[in-house]
Chemist: 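Below: one structure in structure tokens.
Throughout, protein chains are lettered first and strands after them, A, B, ... in sequence-line order, and every chain is numbered starting at 1. Every heavy atom of this structure was used, including side-chain atoms; hydrogens, water molecules and symmetry mates were not. This structure is a prediction, so every number in the text was calculated from the model and none was measured.
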Amino acid sequence: MAEALVSLAVLLAGLAFLLALWRFLAGPTAADRVVAFDVMTVIGISFIVILALLEGRGIYLDAALVYALLSFLGVIAVARYLERGY
Amino acid sequence: MAGLLDIVGGLLMVGGTAFLVFGGLGLVRMPDLFNRIHAGTKATTLGTLLTLAGAACLRPDWGWKLLLIAVFILSTNPLSAQVLARAAHRIGAAMSVKTRVDRLEEDQGA
Amino acid sequence: MIKRVIALTLLAGLGLLFLGLLLDYRPDTDLNLSARYYAERTAPDLGAANIVTAIVVTYRGLDTLGEVTVLFLSATIVGLVLALGRRRGQAPAGLAPVGELLTTGSRMLTPLILLLGAYVFVNGHLTPGGGFQGGAILASGILLLLLADPLRHFSHGLISAVESLAGVFYVAIGLAGLVWAGGFLDNRILPLGDLGALFSAGAIPVIYSLIGLKVGAEFASMLASLAETEEL
Amino acid sequence: MVDISLIAMATGFVLILIGLYGALTNGNLLRMIVAFTVADAGVNLVLVSVGYMRGRTAPILDSAVPAAEAVARIIDPVPQALVLTAIVIGLGVTALMLAYAYRLYEAKGTLDIAKFSELKW
Amino acid sequence: MILTAMTLFLCAAMIGAALFAVLGRSLPIAILAAGLVSLVASILFLVMAAPDVAMTEAAIGSGLTTFLFFFVLGRVRRGEND
Amino acid sequence: MTQARHPGVQFATLLLFWILLNGSLAPDVLIVGVIAAAAITLLLPGAIPFFGQFRGNRPEAWVAAIGYFTYFFKELVKSNLRIAAVVLAPSLPVSPGIVKVRTKLKTPMGRLLLANSITLTPGTLTVDLDGDWLYIHWVRVESVDIDKATAEIVAGFERYLEVMYG
């Protein structure tokens, strides 16, 4: 039962990733793409957690930890570029 | 009783990823950048939190690390959204025609 | 146009080569000899739970020393190249000010990022990660400081002191392995301890922490020399 | 069912080709560096996929994979150790290339390699 | 089974992002697409049971690479405005 | 803006996070954690600890903290349901705008938490924070009047945060 639900979760996360990817490819401005990029990183964290569950290895969570703490740096770097911060 | 916890965990994960889908849908359907940031930030934050909670139900021994991931997401996600929204406003990102009022623009123009 | 045709021809050849490789490739079903050796001997010989770390730090420790040196050289060259074109006395005009929230957020999150980096390289022998990842995370913490304050001045003295001290101790531990254990960078100069404890695997955590500090300092010096291409 | 490592290897090869195509045909230095990073990711992907074996898990011993079962349960750790450092070195190389590109831009006022005329004859 | 499906999906997304990075018209968008390639690559490394490599890619691709590119791009843009 | 330093709180916070990261209380973990936390505390004197400026010495602050988290998670769920409703509606019922509201909070941490909470609650997104003024992007603008909008958006969180951080 739980297995089937987790598989369904993978499919839903993949669908969300696909929607965000569509926004990334469609644009229209760079800022829209940055939003889509941010969303995809967070979906990536979910992917990593689900993978850890599927494989049964808790050590995979460390990668999710790194993304959770560092993914906003990329967004801030782009945002500061857009507003001419450096 | 472990079976019940498993099912609750699975349901939480499905619910969380469903919110992720709503976020993605919002990203696609919303009319302008700021509304997209809304959909993206809120939906992914809660979606990921629910996914983490589901994982914690399925594997209670991972609880502390999942809690840390949740704390980090809660503190970084809104921050990046805010910085991006500020930058977008400063460069004059196009706003939807439905926009009724823009007090920040008025104050900066003054 | 002619350039594009030549490029496409080259790539077509390369693609055929790749296709041949791909079609001939049969995934292994069992570990090959060296991998089997590492899988069997790492835990009893070196006491490290993460076999990748054991390979990077001990079995192929000399290569890692070389890689750290390559990084050091590239950081130095970045600094030199950028120092040549440094423009003095020009205040960058029209820089967007940093919002208060980003400033507060960076003051809150930088210590956490540095702590995560320390966790990653101290636990290199138990969990995924190690000196290279931890060093990159440390440098990301420095990057957050830089993003929150683009005109911040970093202490080059501190960065290069950390860098060279870590390097000196790294080589010293390697030489100690030559004297008191089986060879250069042998980790058995310290007791192996229990598999899975933080203080285990001999000198591996120490070496990887030093690598982490060194890599972090190298990336930080790259960032600092980029940020200081314009001096006020 | 196609093996995961074959899919990933094919993707890696395609990425190398895409990256090389971009690096060869673009005139802008920064674009060439972007294409280079794409090719870099492709190479890393190919190397990791060589080490993967179906049904096995990561070469890290813990309660899920005790040391006694390691030989039967883990995948080849050597390619991972190689790629690990390759990624970090890749960032160093990227930073170096960007520093050179920036210096070239400051010296010549352009990033277009077609305008760097000293090297032509 | 679910892993294979995930791999196929991620590989397709990765090739799309790579094409976008190389052929896209605007440079900032190309850099963002390269960041996307790095994100997907990191998840793929994890699928292929290489958490160490995935973590390296996460630590480096999430902030440092993007920042380096955009920093140089910002300086070039400032030079063109002068 | 108070610039009070809290090295003790910073050290304790980092040590707490270290223990959570390692998930163990073994003596060797604690020794390394103390070294790492002390080094980071010394290295970054300007940092604000995660729980810094929290008035932990007053009991009512703890009560307010519990109230804050309950309210926050309730609002987070509500905001997501609202987003889902908006996204699924074919007509996409939005009438966005940026309104200006006032905050009474003075400490940086309190203001950061307020802005982050507002970003995660129904239909609001902090765009800028300037002195006492917050600029909020609102998906469905209900009122452009400063006082009314303040009561609508800020008051719920400020009630708790004022006690917690001042």
Chemist: If I compare all heavy atoms of A59(E) with all of A136(C), which pair ends up nearest, and what's the gap?
Modeler: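 So the minimum-distance heavy-atom pair works out to CB-CB, 3.9 Å.
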Chemist: If you measure from CZ on R75(E) to CG on L226(C), what distance do you get to the nearest 0.5 Å?
Modeler: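 Going from the CZ atom of R75(E) to the CG atom of L226(C) covers 8.0 Å.
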Chemist: Testing the basics here: between L64(E) and S140(C), what is the closest heavy-atom pair and its distance to 0.1 Å?
Modeler: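 Here L64(E) and S140(C) meet closest at CG-OG, 4.0 Å.
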Chemist: If I measure from the heavy atoms of chain E, does V120(C) come under 4.5 Å with its side chain, its backbone, both, or neither?
Modeler: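 V120(C) touches chain E through side-chain heavy atoms alone.
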Chemist: Give a yes or no on this: more than 12 heavy atoms of other residues, nucleotides or ligands lie within 6.0 Å of atom OH of Y59(C).
Modeler: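 Enclosed.
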Chemist: Checking heavy atoms, do the side chain of L223(C), its backbone, both or neither come under 4.5 Å from chain E?
Modeler: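 The side chain, not the backbone.
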Chemist: Applying the side-chain contact (heavy atoms from CB on, under 4.5 Å) criterion to Q133(C), which one of V53(E), D52(E), I60(E) satisfies it?
Modeler: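 That would be D52(E).
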Chemist: To the nearest 0.5 angstrom, please state how far the CG atom of L146(C) sits from the CZ atom of F71(E).
Modeler: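 Here the rounded value is 7.0 Å.
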Chemist: Rounded to the nearest 0.5 Å, what's the gap from CG on L144(C) to CZ on F67(E)? Could you check?
Modeler: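 Rounded to the nearest 0.5 Å, the CG-CZ separation comes out at 11.0 Å.
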Chemist: Under 4.5 Å, counting heavy-atom pairs only, tell me which of T127(C), I137(C), V52(C) racks up the most with chain E.
Modeler: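 Of T127(C), I137(C), V52(C), V52(C) has the most heavy-atom pairs under 4.5 Å with chain E.
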